[in-house]
Amino acid sequence: MNGPSEGMASLSLGAGPPLLLMPGLTPDHRPPTGMARRAQLGLMRPLAQHRQVWWVNRRQGLPEGTTMADLADDYATMLREWQAAPIDVVGVSTGGEVALQLAADHPELVRRLVLVASACRLGAGGHEVERRAAEALERGDRRTAASLLWRLLPSGRLATAVAGGVGWLLPGPVVAKEHSDLLATMRAELAFDLSDRLHEIATPTLVVGGSEDASYGEAVFRETASGLPFGHLSLRPGRSHAATVTGRGLGPEVNAFLGQHDT
């Protein structure tokens, strides 16, 4: 199988049947380096025991007005070029929203789907914080934007305050100096709501979410899983957004779900 389309940064790990991993928000859409690369490889490693995991980010150079459907179309074009479909897809946070859009618009390309800390739309709190972060980026205020985005990752008043401070002091891991792709993706996410189309998506789907996720919230995870004809919910009590993504049990649970229909 060939690599992703031009302009879509990628990492590959493992061998076996292909698995597409769509990441959450990244500071930009260039290939990850340093700590960012190690973090993504850490997420890939448990899934690569018996598969070739392809981590593929969204296209670089996104135009203003990009929609979630546009992002899904980019992945659809890539998968058709690969000639690897239907393929199992794991989407994390924002990447899960793109993956859900892909399953809705191009159902023939997605075999099974896992949404990790992701759902059919942002929760009210997550939407408000991300809206403020996007407005800060439009003003060129990286520190405020990074502080707001960092605050969505943990749970609890103290941890949230600390995360916001870290984002203010170190915006780079969340918001790159050249952040036009990040802003375009955030704008697409703010307009995203697939709740009215969930009944159309026949792809077997696992929704993994934390009850204390500040971006989505328990109610939206439940809404997503119950609205899908073949949706399954794995709710992590007390888990935040970040804790859901980095939890040790995530890899085995995802592998078990994806292996249910293997022969």
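Note that these values count all heavy atoms, side chains included, but never hydrogens, waters or copies made by symmetry. The residues of the chain are indexed from 1 along the displayed sequence. Nothing here was measured: the structure is a model prediction, and the numbers come from that model.
Between P31 and Q60, the shortest heavy-atom distance links the atoms CD-NE2, 4.3 Å. Here the closest heavy-atom approach between residue R112 and residue R51 is recorded as NH2-NH2, 3.7 Å. When all heavy atoms of S118 and L115 are compared, the closest pair comes out as O-CB, 4.0 Å. Scanning both residues, L182 and L137, for their nearest heavy atoms gives CD2-CD1, 4.0 Å. Across every non-hydrogen atom of N57 and Y75, the tightest pair is C-OH, 3.2 Å. Between L194 and A104, the closest heavy-atom pair is CD2-CB, 4.0 Å.
Side-chain N or O atoms of H127 include one that pairs as donor or acceptor with a backbone N or O of L190 at under 3.5 Å. No donor-acceptor pair under 3.5 Å is formed between the side chain of T144 and the backbone N or O of A136. Not a single donor-acceptor pair under 3.5 Å links the side chain of H29 to the backbone N or O of T26.
The side chain to side chain contact (heavy atoms under 4.5 Å, CB included) search around P63 returns R59, T66, not counting sequence neighbours. With sequence neighbours left out, the side chain to side chain contact (heavy atoms under 4.5 Å, CB included) criterion links E108 to R80, H106. Not counting sequence neighbours, P46 has no partner by the side chain to side chain contact (heavy atoms under 4.5 Å, CB included) test. For S226, the side chain to side chain contact (heavy atoms under 4.5 Å, CB included) test picks out no residue, with sequence neighbours left out. Applying the side-chain hydrogen bond (donor to acceptor under 3.5 Å, both in side chains) rule to R121 yields the partners E223; only residues at least two apart in sequence or on another chain are considered. Scored by the ring pair (Phe, Tyr, Trp, His ring centres under 6.0 Å) test, H50 finds no partners at all (sequence neighbours excluded).
For the salt bridge (charged side-chain N to carboxylate O under 4.0 Å, His left out) condition, the pairs that include at least one residue of residues 15-40, sequence neighbours left out, are D28-R30. The salt bridge (charged side-chain N to carboxylate O under 4.0 Å, His left out) contacts involving residues 10-22 comprise nothing, where partners must be two or more places apart or lie in separate chains. Sorted by first then second residue, the salt bridge (charged side-chain N to carboxylate O under 4.0 Å, His left out) pairs that include residues 234-248, not counting sequence neighbours, are R236-E253.
In this structure, the side chains of V56 and L21 stay at 4.5 Å or more apart for every pair of heavy atoms. Two residues are said to be in side-chain contact when any heavy atoms from C-beta on lie closer than 4.5 Å; R45 and L13 meet this criterion.
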Worksheet item: Passes side chain to side chain contact (heavy atoms under 4.5 Å, CB included), V116 versus L250? Steps please.
Response: CA-CA 9 Å; V116 179; L250 179 64; 3.8 Å; yes
Item to complete: Decide yes or no on side chain to side chain contact (heavy atoms under 4.5 Å, CB included) for T185 and R58, but give the supporting numbers first.
Response: CA-CA 9 Å; T185 303; R58 293 161 289 278; 3.6 Å; yes
Worksheet entry | Test log, rule side chain to side chain contact (heavy atoms under 4.5 Å, CB included), inputs L233 and F221 | CA-CA 7 Å; L233 176 64; F221 292 134; 4.0 Å; yes
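Screening R131, R139, R132 for a side-chain hydrogen bond (donor to acceptor under 3.5 Å, both in side chains) with E135, the sole residue that qualifies is R131.
When hydrophobic clusters are built by joining Ile, Leu, Val, Met, Phe, Trp and Tyr residues whose side-chain heavy atoms come closer than 4.5 Å, directly or via intermediates, M186 is not grouped with L122.
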Donor-acceptor pairs under 3.5 angstrom involving side-chain atoms of residues 89-99: please list them, not counting sequence neighbours.
unit_1	atom_1	unit_2	atom_2	d
S93	OG	H241	NE2	3.1
T94	OG1	E189	OE1	3.3
T94	OG1	E189	OE2	2.9
E97	OE2	Y216	OH	2.6

Output a table of donor-acceptor pairs, distance under 3.5 Å, between side-chain atoms of residues 163-181 and any protein atom two or more places apart or on a different chain; print 'none' if there are none.
unit_1	atom_1	unit_2	atom_2	d
E178	OE2	S180	N	3.1
E178	OE2	S180	OG	2.7
H179	ND1	A176	O	3.0
H179	ND1	K177	O	3.3
D181	OD1	G61	N	3.1
D181	OD1	L62	N	2.8
D181	OD2	G61	N	3.0

Compile the donor-acceptor pairs under 3.5 Å between side chains in residues 202-212 and protein atoms, sequence neighbours left out, one pair per line.
unit_1	atom_1	unit_2	atom_2	d
T205	OG1	T203	O	2.8
S211	OG	G238	N	2.7

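With no hydrogens or angles considered, a side-chain donor-acceptor pair links T67 and D70 at under 3.5 Å.
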